[in-house]
Amino acid sequence: MAEMKTAAYICSGCGLGDKLDVPQLAKIAQKEGKMALVREHGFLCNAEGVQMIRDDIEKEEVTHICIAACSRRAKTDAFSFPTVAMTRANLREGVVWVVAEGTEHDEVRQEMADDYVRMACAELKKAKLPAGNPNHTHLKNLMVVGGGMSGMTAAFEAAEAGYEVILVEKQASLGGWAGKLWKRVPFKAPYAEPQETGASELAARVGSHPLIKVHLNTTVAETSGAPGRFAIKLAQESGSLTEVSVGAIVQATGFATYDINKLPELGGGLDHVVDHAGLEALAKASNGGAIKRHDGKEVKSVVFLQCAGQRDEKHLPYCSGHCCATSIKQAMYFKDANPEVSTVVVYDDLRVPGMGEDFYRSAQHKGVVFAKGKASKVETSGNGCRVNYRDLILDADNVIEADLVVLATGQVPSSGVDIAAWDKVTKEAEGGSEEAKQQKSELKSISILNLTYRQGPDIPKLKYGFADSHFICFPYETQRTGIYTAGPVRRPMDILQATEDATGAALKAIQAAENASLGRAAHPRAGDLSFPNVRLEGCTQCKRCTVECPFGAIDEDEKRFPLFNEQRCRRCGTCMGACPVRVISFENYSVDTVGSQIKAIEIPDEFSDKPRILVLACENDAYPALDMAGLSRIVYSAFVRIIPVRCLGSVNTIWITDALNSGYDGVMMMGCKKGDEYQCHFVKGSELAGYRMSKIGDTLTGMGLEPERVSTFEVAITDNQKVAGLINDYVAQLVEMGPSPMKGFG
Amino acid sequence: MSELNQKAVALYGNNFLKEVTERVEDGEWVSMCMQCGVCAGSCPLGPHWEHSPQKIFRMIMAGKRDEVLTSDSMWMCTSCYSCIVRCPRKLPITHIMHGLAHYANRLDVAPKGQPTRELARVFWNNLIKTGRVNELKFSLAVYFKDGFSQGIKNLLSMQVIALGLMKAKRLNPMEIIGGHKCKDVGGIQKMLAKAQEIEARRQIS
Amino acid sequence: MTASIATSQTILVVGGGISGMTAALEAAECGKQVILVERNATLGGRTALLYRYFPKMCHPTCGMEINLRRIKANRNVRVMTMTEVLEVKGLRGDYTVKLKLSPRYVNSNCTACGECAKAVDAEIDNPYEYNLAKTSAAYLPHNMAYPMHYVIDPSIIGTSDADKAKSACRYDAIDLDMKEETVEIKAGAVVWATGWKPYDAARIQPYGYDRFDNVITSVEFERLANPHGPTGGKLLRPSDGKEARNIAFIQCAGSRDENHLRHCSRICCMASLKQTHYVREAYGDDAKSTIYYIDIRVIDRLEDFYQQVKKDPAVSFIKSKVAKIVEDKEGNLVLHGVDTEGYHRYATTHDLVVLAVGMEPETNGIKLPEDMLLDSSGFIEGSTLPEGAEGIYGAGAATSPLDVNRAAQSATAAALRAIQVVHKTSTVEGAR
Amino acid sequence: MAKKNYAFYPGCSSQKGASASNFVPSIEVMCDKLDIQLNEIPDWNCCSASIGYGEGSQLSRLVLNARNLALVEQNMPGQDLVSGCPACWLATRETAEKLNEVDSLMADTNEALKEAGLSFKGTVKARHLVEVLIEDVGYDAMKAPVVKPLEGLKIAGYVGCQTNRPFGIAGESFENPQYLDKMIETVGAEAATGYEQKITCCGGALAFSEPEKSQKQIKDIVESAYDHGADMIVTPCQLCQANVEIYQSEINKKKGTNLTMPVVYYSQLMTVAYGGNAKQAGLDGNVLRPQKLLDIASK
């Protein structure tokens, strides 16, 4: 590769030229920034300006460019130079649009712009163009775990797109729960009648697909590696092991039904009380004829009790979503075989969203009775059951005698080991607890993927054991790159949703394998070619990076050094922020690229009344909010110097201490919301930053600084008004506090 | 208990929903109710009755036969059709209410002396006599339905109104001795008798 | 231009809302060529106009920021705004699509500096505020607009205002001679993600949306709550700007109703539950929200959110479809109806009524490819062609009333179906 | 221009000496001016009204209405059945629709009709006179014959129930129909817009059996008209007209109010606007004198 040649381009459009001394900026870039080439342009983002830069790259062999113009979020189409390293000095949204109008502010405005140019030049000199991981791997096949409707669909849809699939099923045949159903809830207009499940047809198509290899009676004994190079050991029931390698994984391990014996008040355990699955078995046995109980008696009256052990803190707190439609379907089994059968559904809220409303109507049309009420007790009565319930419409206690009672129980995800529990016993086991070791091996026995990852054998769960995404916009986010969940293991759902879900999960798995093969990051920094570089010789084996990585990307090697699996890495930089000895960096984002910016600015002396505040702003939410403050021309203090960071989790405390040592008066960190409803795209960036900052209080005191000089703030992307207020308030607070005693020592 | 009522009970047992579905005009719609209550809130006489339409429907489904048939709620329908046009399930509620009232009346379990029930009876008897309604005879019959002395009282209380109408030539005292009628009264009466015969054939036998 | 680039390996995504963006990006990040067309001047669709998402109370623009970054970083996606599909012809693997490009009157020179907006006098109803506010006739749709280019409203073309805008622009970005264009492109597969629209609330006559200022829709309420919205995030009612502290939420406004939309729109229960948070956040214990409902339909984990709102003493629930609304002399609204749980008649007064309007598919009212199979509400159910012959797939709220999370899920699935088509086409071509 | 012919179904209350007898003269003038020819159905019978259900079975009521439809079908081919009375219209239209929808009821009905020597094929359309005015004549044509615009009159358009629900006139809203206000404006008067009681039920037939309850409704209807500054109420419904007009004295007696709000038919307004005198407009039949309208009529 050619020698580094730097160039700075300073735009005077969009009012920059009117409000700033552009030649002075150019001089700074040249003198202080040491840019080899400095050019000014009146309208840098137009075709001519862009061509000028292109020509320099081509003819002048420029390798590093600094664009001093608008925000890095703006004009990305124009300023797209994939072959060179690039930094952006945000003079528009970051300076002229947010600094108060008027000549009395000219000086501070110019100082701000000067500093941003200095920072961008400093960053540029430390940055490299990411080259991608040279050790990338090429496997693009998938493993799908679970041969139910979700798993079969994921396998089939991926194979139809040309990807080889290994389908692993614990049972002796494909089909899962769907295979045990008599009919399924309709998924096509007119949404009026139960439909064939199609499970056996799909099983046949999967079984005969040239790109799908089915392993029955098989479980996953071990999963190691990373996207593009997962190494799997498959255990057959016979005891033999098969080793396979795949590019990505879909986990579609479904659910178990809630144990009705835990619901004795609703008759769980009584002879003539069954759950949905039990009723399906009876319906299958009747084969379309009159449905008979286990004792052979034809059922003439049946009551369905909805939300049995669901929406109930004592049992399952959630709603399984499908049960209202399932009970409607099963009531139709009776009505279709014999319209004279009395069918009553006792419900609280009848939940049949979308076209399910038509299915509900159809059942009412068939004479299924729906009673809004709450069952209090189901008991044996004669040769049947008596259901006692409160009729909420009639506001009265009521009793129904029925031959059979069906409890609509919920779905319990088959998601394997709870990582939090695993973490706990692991720590205790490491401490020598024999009991913990025993618990750990018990936990291991229920693992599904048996990941060899340091952070545990299965993928982290979101809530109630469901391995769901935490993000509204990104339903397939998982904390284990290249492994996607689909179907009821992800969240309670019906067949229609599960098949849709499995199709989506198959795409994500394909995408993960494709990305890994090019050395690119997966969502949310999709396409990022940078990857963490470690200087192992400096590593103290503190394990913070392995513990704090939100994606379990870092294992340990035999010598207990961190072992980075780049294809699992999502490039958030949490490890970099965690590292006390600063040995982890990315080509274009490192302790140095940020640190050099911090040090590049000019700090006025303590008598100038010009405090300097470093703002480290999360690039996902806080930085766009600051940008939009500019777009809305909301004014904030010109004393701040803002640096976008990939995530607050990537903030290394050295930046803070460096800043304070250099004479900054304060540091603001702006990150996403933390807590249960966290909005951090890297799970716990804000939380980690808060935690780390709480630990540097002593350092500050040692430096003779007030702890308030470092503060963390939650900023949402819509907070453009609020963020300006936060800045102004903080600046006022620091002015009140007086200049940093460190000034002048830096 | 009327003979018809006995027969109905014998035939349907406690399956009142089925009885309503098969025997009451538009009764097959009852099971379509989803208990939203828009009918209950829309009825102009709602504040005065005990059971709203939606509640009546739930009672039917819960097998509350006696409570439904003896309810006076259906008799307070003014036929304003507010419930029908607002019902999200398009239940012909007005007609179902009429059907239930008619059925209760036919089984003779509807509340005795319910004023609208009486009014309806008088009205019908009036109309089938000549094929057209004779408003004077109809009014008098309404006022005298509870006996002579009550009738005089009723009449006196309405005197101002009646005089006003007479003055405006909108109540004709001469109607008492004749009045409007259809020419083919005979045909109409035969036709109605036939209708009854057909319905009897289709109903409980 | 674009037309020459697209081939039978291209996936066309119609609709630039959350579903269309997701489908386009997921396919592009698998290495496929994608053209994403959007009728409006910006990507983002309806979700960009929402204040927060349930159940996390996070901001839609946050996800949009990431999606826009993905688009900016991905050379496989080509975005065409102000573009409508006029016609789709051909078969799976070989479609010819006729596109209509409406003039923006602003070219890509635009730096979003905003000088044109300052120069123009005329104002228009701001469609990105559901017409609750006015905006300059030279406007940026919103702060998250992509492309970040202004638009000149056609209503001022040919007026002096248009000339004022042009002369205010220092970057030669305004081109008043732009004309509507029609182009044809090739595509191998099509993802139809045209989303939904709020049901026309004026048609729900008993609620008087067309007669009473203080009866608004849930999508409008999102704008009121939004700090970027017309009231700066204050819950001020339209008639007199008074703070609306006592708010009624009417569920199934148009949904589950044979007179309007037959289907259940799925999202509205959660949307109203979410909106009670806005009221509480604005007024604390002075807030009062009342939800009038038939069934509270919040499935799966969302139940947690419902239970949490149920515990809030400032929120009450009445199982009732409101029969009618009457306006009193102060502009307050009196709701009449019956609580069907035990039969309690009410006539309650509220400052503001929010109709939780149903989702109507946007497919109602636009020309669709002929082989698209719709359900009784107009949602895309599939194809009329036999399995294996179809190459046009619905995604997101165009297929069913879906929340954002499920729409993104659906769009991801649709992306794979489209990839299957271009994969098979390329395999066949390769074999030739 | 040739007159349009319609089979006219006056209904019991419009008979001579009956409660709506003053309606008939006003429509004669109105129809004449608008080239509408109403041909009375020979030997029509009662529709069984909205109270017939108690005693009369479903089939009996269908048969009664079917007889009128059959008389039109047989004797007046090509003519729509038109009634000025909402109850008659509603019962007839419901019958026609039901019979066309349910084959078995059509068969049963014809079996009964045979006894009266009639049969019904289902071809007749039942319409309300207001529908004819709006759909066939139109507002512009209704305005054309106006010679005495009813200037200075403010009128509350009281639509009531059965012209409005469940079928509605000209596809208008059930909750806020506009046609009556438009008709008021067509004849030069001012409509009391915002009259929120325009679709409130007057109690209908229950004015007889449940007087207290009905009179509460009527009180609201009249008082709101006062609140909106109306000089009179106009209605398209016979029963509404009678109930709202004649019970005001009773309400005054019981509640100590002083209600004397005239209630007129739209046809009376039109007749006066078209130059008809008080007698032609049937204004002598109003119990509460619509003085302002009388003044214009006598000009």
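Computed from a predicted model, the values in this text were never measured in an experiment. Each chain gets a letter, A, B and so on, in the order its sequence line appears, and its residues count up from 1. Side chains are part of it too, since the values below use all heavy atoms of this structure and drop only hydrogens, waters and symmetry mates.
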ask   = Are side-chain N/O atoms of A:Tyr360 and C:Asp295 paired as donor and acceptor at under 3.5 Å?
value = no
note = Under 4.5 Å to a heavy atom of chain A? For C:Arg256 that would be both
ask   = Are the side chain of C:Lys56 and the backbone of A:Gln679 linked by a donor-acceptor contact shorter than 3.5 Å?
value = no
task = Measure distances from C:Cys110 to the heavy atoms of chain A and classify the residue's part below 4.5 Å as side chain, backbone, both or neither.
result = backbone
request  = Using non-hydrogen atoms and a 4.5 Å limit, figure out which bit of C:Phe379 sits close to chain A: side chain, backbone, both or neither.
outcome  = side chain
ask   = Contact part of C:Arg52 toward chain A, heavy-atom cut-off under 4.5 Å: side chain, backbone, both or neither?
value = neither
query = Around atom CZ of C:Arg75, are there more than 12 heavy atoms of other residues, nucleotides or ligands at under 6.0 Å?
reply = no
query = Can you find a pair of side-chain heavy atoms, one from C:Val404 and one from A:Phe471, that are under 4.5 Å apart?
reply = no
inquiry  = Working note: C:Glu26 + A:Gln511, criterion side chain to side chain donor-acceptor pair (under 3.5 Å); need CA distance, chi angles, decisive distance, verdict.
reply    = CA-CA 8 Å; C:Glu26 296 302 350; A:Gln511 195 182 63; 2.8 Å; yes
query = Where does C:Leu25 contact chain A at under 4.5 Å (heavy atoms): side chain, backbone, both or neither?
reply = backbone
Among the listed options A:Lys722, A:His681, A:Arg525, A:Arg520, the residue most often paired with chain C at heavy-atom distances under 4.5 Å = A:His681
Non-hydrogen side-chain atoms of C:Arg262 and A:Arg361 separated by less than 4.5 Å = yes
query = At a heavy-atom separation under 4.5 Å, does C:Pro55 approach chain A through its side chain, its backbone, both, or neither?
reply = both
inquiry  = Determine whether A:Asn720 and C:His228 satisfy the following criterion, side chain to side chain donor-acceptor pair (under 3.5 Å), listing intermediate values before the conclusion.
reply    = CA-CA 9 Å; A:Asn720 56 2; C:His228 295 198; 3.0 Å; yes
task = Side-chain contact test, heavy atoms from C-beta onward, threshold under 4.5 Å: evaluate it for C:Arg69 versus A:Glu619 and give yes or no.
result = yes
message = Any non-hydrogen side-chain atom of C:Thr412 less than 4.5 Å from a side-chain atom of A:Tyr484?
response = no
key: Residue C:Ser377 versus chain A: region with a heavy atom under 4.5 Å   = both
inquiry  = What part of C:His344 gets within 4.5 angstrom of chain A, counting heavy atoms only: side chain, backbone, both, or neither?
reply    = neither
inquiry  = Please classify the contact of A:Cys45 with chain C as side chain, backbone, both or neither, using a heavy-atom distance under 4.5 Å.
reply    = side chain
Under 4.5 Å from any heavy atom of chain A - which part of C:Val298 = both
message = Using heavy-atom distances under 4.5 Å, tell me whether C:Arg70 contacts chain A through its side chain, its backbone, both, or neither.
response = side chain
message = When you compare the side chain of C:Ser108 with that of A:Asp77, does any pair of heavy atoms fall below 4.5 Å?
response = no
key: Pairing residues for C:Tyr343 by the ring pair (Phe, Tyr, Trp, His ring centres under 6.0 Å) criterion, not counting sequence neighbours   = none
request  = Take A:Phe187 and C:Glu381 through the side chain to side chain contact (heavy atoms under 4.5 Å, CB included) test and state the conclusion after the steps.
outcome  = CA-CA 9 Å; A:Phe187 56 99; C:Glu381 190 175 287; over 6 Å; no
message = I want to check something: taking the side chain as every heavy atom from C-beta on, are C:Pro227 and A:Gln721 in contact at a cut-off of under 4.5 Å?
response = no
task = Evaluate the side-chain proximity of A:Lys463 to C:Arg301: yes if any heavy-atom separation is below 4.5 Å, no if none is.
result = yes
request  = Tell me, for C:Gln420 versus chain A, whether the close heavy atoms (under 4.5 Å) come from the side chain, the backbone, both or neither.
outcome  = both
query = Who are the salt bridge (Lys or Arg N to Asp or Glu O under 4.0 Å) partners of C:Lys32, not counting sequence neighbours?
reply = none
query = Where on A:His322 is there a heavy atom nearer than 4.5 Å to chain C: the side chain, the backbone, both, or neither?
reply = neither
note = Between A:Glu160 and the options C:Arg417, C:His423, C:Lys424, the side chain to side chain donor-acceptor pair (under 3.5 Å) test singles out C:Lys424
key: Polar side-chain atom of C:Tyr171 near backbone of A:Cys14 as donor-acceptor pair, under 3.5 Å   = yes
ask   = Is the shortest heavy-atom distance from the side chain of C:Met148 to the side chain of A:Leu631 under 4.5 Å?
value = yes
request  = Decide side chain to side chain donor-acceptor pair (under 3.5 Å) for C:Asn226 and A:Thr718; before the verdict, give the C-alpha distance in whole Å, the side-chain angles of both, and the deciding distance to 0.1 Å.
outcome  = CA-CA 8 Å; C:Asn226 196 317; A:Thr718 48; over 6 Å; no
task = Under 4.5 Å heavy-atom distance to chain A, tell me which part of C:Asp300 shows up: side chain, backbone, both or neither.
result = both
request  = Report the C-alpha distance between C:Arg297 and A:Val352 in whole Å, list the side-chain angles of each, state the deciding distance to 0.1 Å, and finish with yes or no for side chain to side chain contact (heavy atoms under 4.5 Å, CB included).
outcome  = CA-CA 8 Å; C:Arg297 290 184 168 172; A:Val352 282; 3.2 Å; yes
